[in-house]
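Working notes, beginning with the structure itself.
Heavy atoms only: backbone and side chains are in, while hydrogens, waters and symmetry mates are out.
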Amino acid sequence: TLGKAITVRSENGPENCTIDCEMMARGFIIQTQETENTIIMGINISQGSADLGGAIHVNSAAPHFNNCTLQNNHAESSGGAVFLEQGSGLTLTDCRFLDNDSGYMGGAMVCSQDSSMSLDFCTFTGNHSPGNGGCMVITGQEPVSITNCDFSGNSSDQYGGVLFMQGGANVAVDTCVFDSNEARYGGVMHNVTSESEFVNCQFLNNKAENGGVVHDLSSMDTYHSCTFSGNEARVKGGVFFFDYYPQTVISGSADHTCYFLDNIAACGADLFHTSEYTNEINAQYSSFNGHTKSNYWICPADKFDLAQC
């Protein structure tokens, strides 16, 4: 758009307006300092293909996509549908990411190099990465906000079936549903030296080898008023797997109770902490349904503050 504040809008919505890239190119390249006043609305972008960002590449710009569908796009490297870099910003409202994939990481999108994002009322289904982040990879310290979004059936062959965060990533997630996502480590999220907050979220039927929901290394995470139900780890941590001095708060007060229901693992059906690293996890005021206070549901027991549980 050459830096101009323009609106590209379909007449009758994404069901009736498709940019079919035929696996030959991207749909949009936005790289000349466009702002949120550059708006793409009501368009289906499908079968895009590129090295970085199969459908959309944003560089030093901050566009707004509204009511768009990104489907069956592919990145040879990273960001199956979207790749952000060089301090970009992206606003996504009521968008759908369906069956996108990458050759390396970020099956749906990558937010890199201190870029930021705001996602509201978006859906991510069936996205895949053979490396990290079945849906998205987030690096850098600029804020990322994810609100009222649904994530289902996404997968990664390695870390983070939905989210892979590292390098000081700062992510706030509110009122989202994570259902039936899968990875080797962290069925929903793998978090390395980053900071996240999850409020009023549901984590249902997610799976991994370790950390059916979260695989956490040296991160600062907070979970308030969340439900964890039917999640599974084949080895350790049906919900949480903690390692390398994490600083995590689960519930933390009577006003923010988290609920753990019917999660399973060979060790630590709900919570697992590697014993050689010493930080204690604050899981006060959490509700653990169907378990007794034994190593069946927390392992090892001395790594968790379970007051008022």
Side-chain angles (χ1 to χ4, degrees), residues 70-71 78-82 92 95-102 104-111 117 119 121-138 144 146-166 169 171 173-192 194 196 198-217 219 221 223 226-241 258-265 269-270 272:
L70 294 92
Q71 185 170 12
S78 303
V82 178
L92 296 166
C95 291
R96 293 152 295 282
F97 289 75
L98 310 175
D99 301 316
N100 303 286
D101 73 297
S102 66
Y104 176 42
M105 65 180 183
M109 58 197 312
V110 170
C111 180
M117 295 191 301
L119 285 66
F121 290 101
C122 294
T123 300
F124 293 78
T125 303
N127 302 285
H128 175 73
S129 167
N132 302 326
C135 272
M136 62 184 76
V137 170
I138 302 170
V144 171
I146 304 172
T147 308
N148 300 307
C149 294
D150 289 341
F151 300 84
S152 64
N154 304 286
S155 61
S156 164
D157 294 346
Q158 293 299 321
Y159 291 90
V162 174
L163 294 164
F164 178 89
M165 300 186 293
Q166 67 177 5
V171 181
V173 184
D174 195 338
T175 318
C176 292
V177 177
F178 300 85
D179 191 351
S180 302
N181 304 286
E182 188 167 358
R184 184 177 181 185
Y185 303 107
V188 170
M189 180 178 74
H190 177 75
N191 194 358
V192 185
S194 296
S196 66
F198 290 80
V199 178
N200 194 33
C201 292
Q202 297 183 58
F203 301 87
L204 314 171
N205 308 309
N206 303 287
K207 295 182 179 180
E209 181 176 318
N210 289 320
V213 175
V214 177
H215 194 265
D216 188 312
L217 281 71
S219 292
D221 302 328
Y223 300 85
C226 293
T227 297
F228 305 90
S229 178
N231 303 287
E232 179 181 354
R234 291 178 289 277
V235 183
K236 299 174 182 177
V239 177
F240 288 97
F241 180 100
C258 286
Y259 295 89
F260 292 76
L261 311 169
D262 302 320
N263 304 294
I264 60 175
D270 294 321
F272 180 89

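- Panel note: side chain N231, backbone N206; a donor-acceptor pair is recorded below 3.5 Å.
- No donor-acceptor distance shorter than 3.5 angstrom exists from the side chain of S156 to the backbone of H128, with no hydrogens or angles considered.
- Taken to the nearest 0.5 Å, the CG atom of N200 stands 7.0 Å off from the SG atom of C226.
- Residues S180 and S152 fail the side-chain proximity criterion, which asks for heavy atoms closer than 4.5 Å.
- The stretch residues 199-210 participates, sequence neighbours left out, in these salt bridge (Lys or Arg N to Asp or Glu O under 4.0 Å) pairs: R184-E209.
- For the pair F198 and M189, the minimum side-chain heavy-atom distance is below 4.5 Å.
- Residue T125 holds its OG1 atom at 10.5 Å from CZ of R96, rounded to the nearest 0.5 Å.
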**Request:** Begin with the C-alpha distance, continue with both residues' side-chain angles, and end with the deciding distance and a verdict on side-chain contact (heavy atoms from CB on, under 4.5 Å) for V173 and C201.
**Result:** CA-CA 8 Å; V173 184; C201 292; 3.8 Å; yes

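- Rounding to the nearest 0.5 Å places CZ of F124 at 8.5 Å from CG of N154.
- Residues L92 and C122 approach most closely at O-SG, 3.6 Å, considering heavy atoms.
- Using a 4.5 Å heavy-atom threshold, the side chains of L163 and F151 count as separate.
- F240 pairs by the ring pair (Phe, Tyr, Trp, His ring centres under 6.0 Å) definition with Y223, F228, F242, not counting sequence neighbours.
- With N127 as reference, N100 is the one residue of N181, D99, N100 to meet the side-chain hydrogen bond (donor to acceptor under 3.5 Å, both in side chains) rule.
- Within the 4.5 Å cutoff, side-chain heavy atoms of M136 are placed close to those of I146.
- In this structure, the side chain of N263 engages the main chain of G230 through a donor-acceptor pair within 3.5 Å.
- Interatomic distance, CE of M109 versus OG of S129, reported as 14.0 Å (0.5 Å rounding).
- Here the shortest heavy-atom pairing between P130 and D157 reads O-CB, 3.2 Å.
- Listed here is the closest heavy atom pair of A265 and G237: CB-N, 3.9 Å.
- Under 3.5 Å, the side chains of D216 and N191 contain no donor-acceptor pair of N or O atoms.
- Side-chain contact check for F203 versus V214: every heavy-atom pair is 4.5 Å or farther apart.
- With values rounded to the nearest 0.5 angstrom, N132 atom CG is found 6.5 Å from Y104 atom OH.
- In this structure, the separation between CD1 on I138 and SG on C111 is 6.0 Å, given to the nearest 0.5 Å.
- No donor-acceptor distance shorter than 3.5 angstrom exists from the side chain of S102 to the backbone of G79, with no hydrogens or angles considered.
- Listed by chain and residue number, H190 satisfy the ring pair (Phe, Tyr, Trp, His ring centres under 6.0 Å) test with F164 (two or more places apart in sequence, or in another chain).
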